[in-house]
Amino acid sequence: MANTLAARWELPRAREMFGGLVSEGRAGVGGPRVVVLLPQTYMNESGGPVGLARGQYKVALGNVLVIHDEIDLPFGEIQLRTGGGLAGHNGLRSVKQGLGNADFRRLRVGVGRPDTTDPEVVSRHVLSRFDEPAADVRALVERAADAGDKTVRGQARDG
């Protein structure tokens, strides 16, 4: 979804920085300045690059938007939230540690939950390709990018 936003905003090619791929520019013509970071670490270590980038660019915590998968939402549901619990999401736990606070904005993208709580099955579920039709996945990515764009431009509210 971050790649989709960077393409929509016509950001320059990403460069390697902070343990991730970074592109910066404006969120469309006349839009706010943005930095898109795609950590290249394991998910549960993504907070390091996020914290480094936030420090370098001096981004206020309230302007950080983390886009992530959410097994506690059905496939296709999207929610915007600021702060809140981490629900066992190791990537969010790492980002909280990297930022020093959990009060960052999150764009939660529903990927659904398997019928079991077995950690191995849940892990396979979130790390594997979607079972849903490719067109449904593409539509979800576009809708999530729409929500991310509205959030960055200040047109979205938590809900």
Side-chain angles (χ1 to χ4, degrees), residues 1-73 75-111 123 125-130 137-159:
M1 281 146 261
N3 284 331
T4 301
L5 284 170
R8 281 185 187 185
W9 295 333
E10 299 179 355
L11 298 181
R13 180 183 168 118
R15 58 192 190 282
E16 292 184 30
M17 297 174 65
F18 316 116
L21 298 175
V22 176
S23 187
E24 58 183 296
R26 294 212 171 264
V29 176
R33 292 212 39 84
V34 293
V35 176
V36 174
L37 167 68
L38 293 165
Q40 298 298 292
T41 60
Y42 290 109
M43 176 205 52
N44 61 352
E45 297 173 356
S46 57
V50 173
L52 290 171
R54 176 180 175 234
Q56 176 69 31
Y57 289 102
K58 298 175 178 54
V59 177
L61 186 62
N63 290 337
V64 172
L65 175 64
V66 174
I67 302 172
H68 67 90
D69 61 350
E70 181 58 70
I71 64 172
D72 290 329
L73 293 177
F75 176 85
E77 189 170 322
I78 299 168
Q79 289 183 356
L80 178 63
R81 166 188 286 179
T82 300
L86 305 176
H89 195 296
N90 292 329
L92 291 178
R93 184 176 296 122
S94 178
V95 171
K96 175 187 175 186
Q97 184 176 12
L99 295 174
N101 194 310
D103 291 335
F104 51 90
R105 297 185 97 182
R106 307 156 192 200
L107 189 60
R108 305 167 68 218
V109 181
V111 296
S123 179
H125 175 75
V126 297
L127 296 175
S128 65
R129 295 189 174 275
F130 289 103
V137 175
R138 282 192 301 275
L140 175 58
V141 169
E142 289 298 323
R143 286 189 304 100
D146 290 344
D149 185 52
K150 287 179 182 177
T151 299
V152 166
R153 292 173 185 268
Q155 299 168 351
R157 295 213 161 80
D158 290 11

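Between E45 and R93, none of the side-chain N atoms (NZ, or NE/NH1/NH2) sits under 4.0 Å from a carboxylate O, so this pair counts as no salt bridge. Between R15 and E24 there is a salt bridge, since a side-chain N of the basic residue sits under 4.0 Å from a carboxylate O of the acidic one. Of the charged side-chain nitrogens involved, none lies within less than 4.0 Å of a carboxylate oxygen, so that D146 and K150 do not count as a salt-bridged pair. The pair D103-K96 does not meet the salt-bridge criterion, since no charged nitrogen lies less than 4.0 angstrom from a carboxylate oxygen.
For the pair H68 and V109, the minimum side-chain heavy-atom distance is 4.5 Å or more. You'll find the side chain of L99 reaches within 4.5 Å of the side chain of V64, heavy atoms only. The shortest side-chain heavy-atom distance between I71 and H125 falls under the 4.5 Å cut-off. Using a 4.5 Å heavy-atom threshold, the side chains of T82 and R106 count as separate. At least one side-chain heavy atom of L80 sits less than 4.5 Å from a side-chain heavy atom of L65. Considering only heavy atoms from C-beta on, F104 stays 4.5 Å or farther from N63 through its side chain.
In this structure, CH2 on W9 lies 10.0 Å from OG on S23, to the nearest 0.5 angstrom. Atom CD of residue Q40 and atom CE of residue M17 lie 13.5 Å apart, to the nearest 0.5 angstrom. We find the NE2-CG distance between H89 and N44 to be 10.5 Å, quoted to the nearest 0.5 Å. Between L61 atom CG and R105 atom CZ the span is 11.0 Å, to the nearest 0.5 Å.
Contact detail for M1 and A144: the closest heavy-atom pair is SD-CB, 3.2 Å. The nearest pair of heavy atoms linking R108 to D72 is NH2-CB, 4.5 Å. Nearest approach of L37 to G20, heavy atoms of both residues: CD1-CA, 4.0 Å. When all heavy atoms are compared, the tightest approach of L107 to A147 is CD1-CB, 3.8 Å. Nearest approach of R153 to A27, heavy atoms of both residues: NH2-O, 2.5 Å. Across every non-hydrogen atom of A145 and L5, the tightest pair is O-CD2, 3.2 Å.
Y57 does not carry R54 over the face of its six-membered ring by the limits of under 6.0 Å from the centre and within 45° of the normal.
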### Task
Apply side-chain contact (heavy atoms from CB on, under 4.5 Å) to V36 and L11, showing your working.
CA-CA 9 Å; V36 174; L11 298 181; 3.6 Å; yes

### Query
Yes or no on side-chain contact (heavy atoms from CB on, under 4.5 Å) for L73 and Q79, after CA distance, side-chain angles and deciding distance?
CA-CA 9 Å; L73 293 177; Q79 289 183 356; 3.6 Å; yes

### Query
How far apart are the C-alpha atoms of I78 and L140, what are their side-chain angles, what is the distance that settles it, and do they pass the side-chain contact (heavy atoms from CB on, under 4.5 Å) test?
CA-CA 9 Å; I78 299 168; L140 175 58; 3.9 Å; yes

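The number of heavy-atom neighbours closer than 6.0 Å to CD of E10, taken from other residues, nucleotides and ligands shown, is 12 or below. For E77, the CD atom sits in a packed shell: over 12 heavy atoms of surrounding residues, nucleotides or ligands are nearer than 6.0 Å.
Residue S46 forms a side-chain contact (heavy atoms from CB on, under 4.5 Å) with just one option from V95, V66, L38, N90, and that option is V95.
Formation of a donor-acceptor pair under 3.5 Å by the R26 side chain with backbone atoms of G31 is found in this model.
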